[in-house]
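Notes follow once the structure below has been shown.
Naming convention: chains lettered A, B, ... in sequence-line order (proteins, then strands); numbering from 1 in each chain.
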Amino acid sequence: MIKREIQILLRERLRELGFDRKPEALPVEEPSSDDYGDFASSIALELASEFEGSSRDLAERITEGLEEELFKKVTVAGPGFINFDLTLEFLVKSLARLLSSSDPLKEARDSNRGRVQIEFVSSNPTGPLTVGHCRQAVLGDILASLYRKIGYNVDTEYYFNDEGRQMDILARTLWARYKQALGEAVDIPEDVYKGEYLKDIGKDIASEYGERYTEWNDAAASFFKEKGMNQMIERIKDDLSLLGVEFDGWFRESKLHREGEVEEVLTNLEEKDGTYEKDGALWLKAEEEGAPRDVVLLKSNGDPTYLLPDVAYHLDKYDRGYDRAIVLLGADHQRHVENMKAALSKLGLPDDFYQVLINQFVSLSSEGEVKRMSTREGEFVTLKSLVEDLGKDVVRYFMAARKPESHLEFDYDLAKEESMDNPVYYLQYAHTRIASIFRKTEGVGIEEDFQFEDVDLTKLDKYEEVELIKKLDKFSEIVEISASNYGPHHLVSYGENLASLFHGFYNKYKVLTDDEELSRARLGLCKGVQMVLRELLNILGVSAPVSM
RNA sequence: GCGCCCGUAGCUCAGUGGAUGAGAGCGACGGAUUGCGGAUCCGUAGGUCGGGGGUUCGAAUCCUCCCGGGCGUACCA
């Protein structure tokens, strides 16, 4: 990374002046204006208070002896900004590294980063996944591949409650559907799971098992619970696979109860003096750990609340050896997160173990109308219908394009538009275009898979070419930022930016020219753009076609 | 009432823990191709970065208050 190299040089120079700073802590940025060089640093302004002279004087001192072969020019501007103009030879090395590595993220990878678990969607198997789950599925899946790319050992997991009241209702409803399929009229309990999907499952069971479960008893209850849940899980898996999302693990809440982990965590909390009884219920002293108020762990009827098994679940994650547990939750879980943090802190887990990405809701807009997505209304757009309608690439791209903590207005009409107006195709088209250029190389006497080692990349001296080289160099930093900030949208912005630079370059200059050396250099640049685009689309889970 | 998130161009939104003219896409208007894919490119118009105050050499970005919207504030999950 060019930025890193400048930081290291700056660090050396600052050492000589008596300042001790880590290179990564030194501000080096691409300035907003081209008048201020390729890169700029405001370090002198930051350190001026520790210096006897003015910030401008300090900047002058820093630049002394810094003008080595890397820099065409180093100047001090304004109140003390240091502007770096890089030589073409130096800039071009970054592209050469990319071309020889065949891996755009080689520099960003560090295999010693530890184990991370990412939990997302985690919707209970009582109904189909919706547009809201879709956003989370995409975000979680991208984060997982992002963390893998930079060297973490990542497992994804889906957690669900396979017991409890909701599952009982599911079982009861499914049984009723089964009976209906056998031709008997049975009342469906009001307000619950009337969906077509249960009718279908009921029919399947009827044809497979005939009249074996005509009476509602314990055997039927457990049969329909297990059957219903398994069928729902299968459907959820099918929906997710439409999106290209697969989980490494599926965790059942019942395991925590069965293996005594819930009991254990309760004892643990009691021993740490983290609980008390009030009104017949057992409360967690959450307020002591920074939560707004205390919260119930065991209801007065003895049942645990949602919180308690989730605490046990996270202790289980911790015991499995993860260094970090990242959890994606919807905006309505804010209070739960505070309670969880309080409980885990009571138990003595490291503060940074439990990390939550709260994402805001999705609304769908079409023909000027905005519809809120609500499962409670009973009217929701399913993940399945959305993906079947628009395709995986478009859905994933749109779901990733906004920062998670912002509301996402999903523009259905724009997403549906299979034309230049749809930003997904903008990126894919850049990739396709490059592939197309490489199919034409023989026409100018260049073999398609020629080696870039011998190419003179300093032929790339046009403004647009240099901008592209700098942009490519920035990719690993963007990936790093996207991962550490849990913000896949940075990738999208960067990708649109890169594609835009490329299209501009393409329109202004010919890649395949009469000058063979120039052609080879430009092909090198194209290859670099293609490599980064492909890697980026790959992380987003969007296909990178060679023709469209 | 209190807590979290959001408020940037007509619309949808970028702008990583501050840094030297406020950006993109869509929409509007006007242009570009007998040549590598026009799903492209170039240009014009359009903004007191919700509002006030504060910190700083410097604030869309940090602090505070206010306004507007979403979510939460359960012995639901």
Next on the checklist: Assess the residue pair Phe71(A) and Phe84(A) against the criterion (ring-ring contact (aromatic ring centres under 6.0 Å, His included)); give the C-alpha distance rounded to whole Å, side-chain angles, the decisive distance to 0.1 Å, and a yes or no.
Outcome noted: CA-CA 7 Å; Phe71(A) 303 115; Phe84(A) 303 94; 5.0 Å; yes
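Look at CD on Glu253(A): it is 9 Å from P on A77(B), rounded to the nearest Å. Note: CG (Asp352(A)) to P (G17(B)) measures 20 Å, nearest angstrom. Taking atom CD of residue Glu24(A) and atom C1' of nucleotide G17(B), one finds them 14 Å apart after rounding to whole Å. Atom CG in Leu26(A) sits about 15 Å away from atom C1' in G17(B), given to the nearest Å. Arg56(A) places its CZ atom 20 Å from the P atom of A19(B), with the value rounded to the nearest Å. For Asp413(A) and G27(B), the CG to P distance is 12 Å, given to the nearest whole Å. Residue Leu357(A) contributes atom CG, which lies 13 Å from atom P of C5(B) at whole-angstrom precision.
Pair assignment for G17(B) gives none, since no Watson-Crick or G-U wobble pairing has each distance under 3.5 Å. With a cut-off of 3.5 Å on both pairing distances, U33(B) has no Watson-Crick or G-U wobble partner at all. Here U48(B) sits opposite no nucleotide as a Watson-Crick or G-U wobble pair (both hydrogen-bonding atom distances under 3.5 Å). Nucleotide G7(B) is matched to C67(B) when pairs are restricted to Watson-Crick or G-U wobble geometry with both distances under 3.5 angstrom.
Note on Glu405(A): only backbone sugar-phosphate atoms sit closer than 4.0 angstrom, heavy atoms only; bases stay farther off. Within 4.0 Å of Lys508(A), counting heavy atoms only, lies no atom of the nucleic acid at all. Counting non-hydrogen atoms under 4.0 angstrom, Phe505(A) reaches nothing in the nucleic acid. Counting non-hydrogen atoms under 4.0 angstrom, Asp411(A) reaches nothing in the nucleic acid. Using a 4.0 Å heavy-atom distance criterion, Lys510(A) is classed as a base contact. Residue Ser493(A) is classed as a sugar-phosphate contact, given heavy-atom separations below 4.0 Å to backbone atoms only. Residue contacts for Asp279(A): at a heavy-atom cut-off of 4.0 Å it reaches a base atom on one of the strands shown. Among the protein residues, Asn124(A) comes within range of the sugar-phosphate backbone only, with heavy atoms under 4.0 Å from sugar or phosphate atoms but none that close to a base. Heavy atoms of His333(A) sit under 4.0 angstrom from at least one base atom. Nucleic acid contact for Ser55(A): none, since no nucleic acid atom lies under 4.0 Å from a heavy atom of the residue. At a threshold of 4.0 angstrom between heavy atoms, the contacts of Ser484(A) with the nucleic acid are absent.
The phosphate of C41(B) has OP1 or OP2 within less than 4.0 Å of a side-chain N or O from Tyr426(A). The phosphate of C5(B) has neither OP1 nor OP2 within less than 4.0 Å of any side-chain N or O from Lys403(A). Distances shown here put a side-chain N or O of Ser406(A) below 4.0 Å from the OP1 or OP2 atom of A14(B). Distances shown here put every side-chain N or O of Lys299(A) at or beyond 4.0 Å from the OP1 or OP2 atom of A74(B). One finds no side-chain N or O of Ser42(A) lying less than 4.0 angstrom from the OP1 or OP2 phosphate oxygen of A19(B). For Arg293(A), no side-chain nitrogen or oxygen approaches OP1 or OP2 of G3(B) to under 4.0 Å. Phosphate contact (OP1/OP2 of G38(B), side-chain N/O of Arg433(A), threshold under 4.0 Å): present. For the pair His407(A) and C13(B), the criterion of a side-chain N or O lying under 4.0 Å from OP1 or OP2 is not met.
Looking at Phe120(A) and Val327(A), their side chains never come closer than 4.5 Å, going by heavy atoms from C-beta outward. No side-chain heavy atom of Lys462(A) sits under 4.5 Å from any side-chain heavy atom of Glu467(A).
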Atom pairs, N/O to N/O, protein against nucleotides 54-57 of chain B, distance under 3.5 Å?
none

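Note on Arg252(A) versus Asp162(A): salt bridge recorded, some NZ/NE/NH1/NH2 to OD/OE distance being below 4.0 Å. Salt bridge present: Glu289(A) and Lys346(A) bring a charged side-chain N and a carboxylate O closer than 4.0 Å. Of the charged side-chain nitrogens involved, none lies within less than 4.0 Å of a carboxylate oxygen, so that Glu409(A) and Arg402(A) do not count as a salt-bridged pair. Taking the charged nitrogens against the carboxylate oxygens, Lys341(A) and Glu338(A) have no contact shorter than 4.0 Å, which rules out a salt bridge. Salt bridge status for Asp352(A) with Arg324(A): absent, with no side-chain N to carboxylate O gap under 4.0 Å.
Within the structure, the salt bridge (charged side-chain N to carboxylate O under 4.0 Å, His left out) test picks out the following pairs touching residues 477-495 of chain A (sequence neighbours left out): Lys3(A)-Glu477(A), Arg113(A)-Glu480(A).
In this pair, His503(A) and Tyr429(A) present their aromatic rings parallel. The plane angle is below 30°, not in the 30 to 60° band. Using cut-offs of 30° and 60° on the angle between ring planes, the pair Tyr313(A) and Phe251(A) is tilted. Taking the six-membered ring for Trp and thresholds of 30 and 60 degrees, His336(A) and His333(A) have ring planes more than 60 degrees apart, a perpendicular arrangement.
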Check: residues 522-530 of chain A side-chain donor-acceptor pairs under 3.5 Å, at least two apart:
| unit_1 | atom_1 | unit_2 | atom_2 | d |
| --- | --- | --- | --- | --- |
| Arg522(A) | NE | Glu465(A) | OE2 | 2.6 |
| Arg522(A) | NH1 | Lys510(A) | O | 2.8 |
| Arg522(A) | NH2 | Glu465(A) | OE2 | 3.2 |

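In this structure, Tyr506(A) counts as stacked on the base of C36(B) under the 5.5 Å centre distance and 30° plane angle limits.
At a non-hydrogen distance threshold of 4.0 Å, nothing from residues 523-534 of chain A comes into contact with RNA chain B. Near RNA chain B, defined here as any heavy-atom distance below 4.0 Å, the residues from residues 394-402 of chain A are Arg402(A), listed numerically.
Place His490(A) and Arg439(A) on RNA chain B by their nearest nucleotides, and His490(A) ends up nearer the 5' end.
Nucleotides A77(B) and G54(B) are separated by 43 Å at their C1' atoms, to the nearest Å.
Residue-to-nucleotide contacts include no donor-acceptor pair under 3.5 Å from the side chain of Thr305(A) to the base of C75(B).
Applying the 6.0 Å contact sphere to CG of Asp514(A) captures no more than 12 heavy atoms from other residues, nucleotides or ligands.
Residues forming a side-chain contact (heavy atoms from CB on, under 4.5 Å) with Val546(A) (at least two apart in sequence, or on another chain): His431(A), Ala435(A), Arg439(A).
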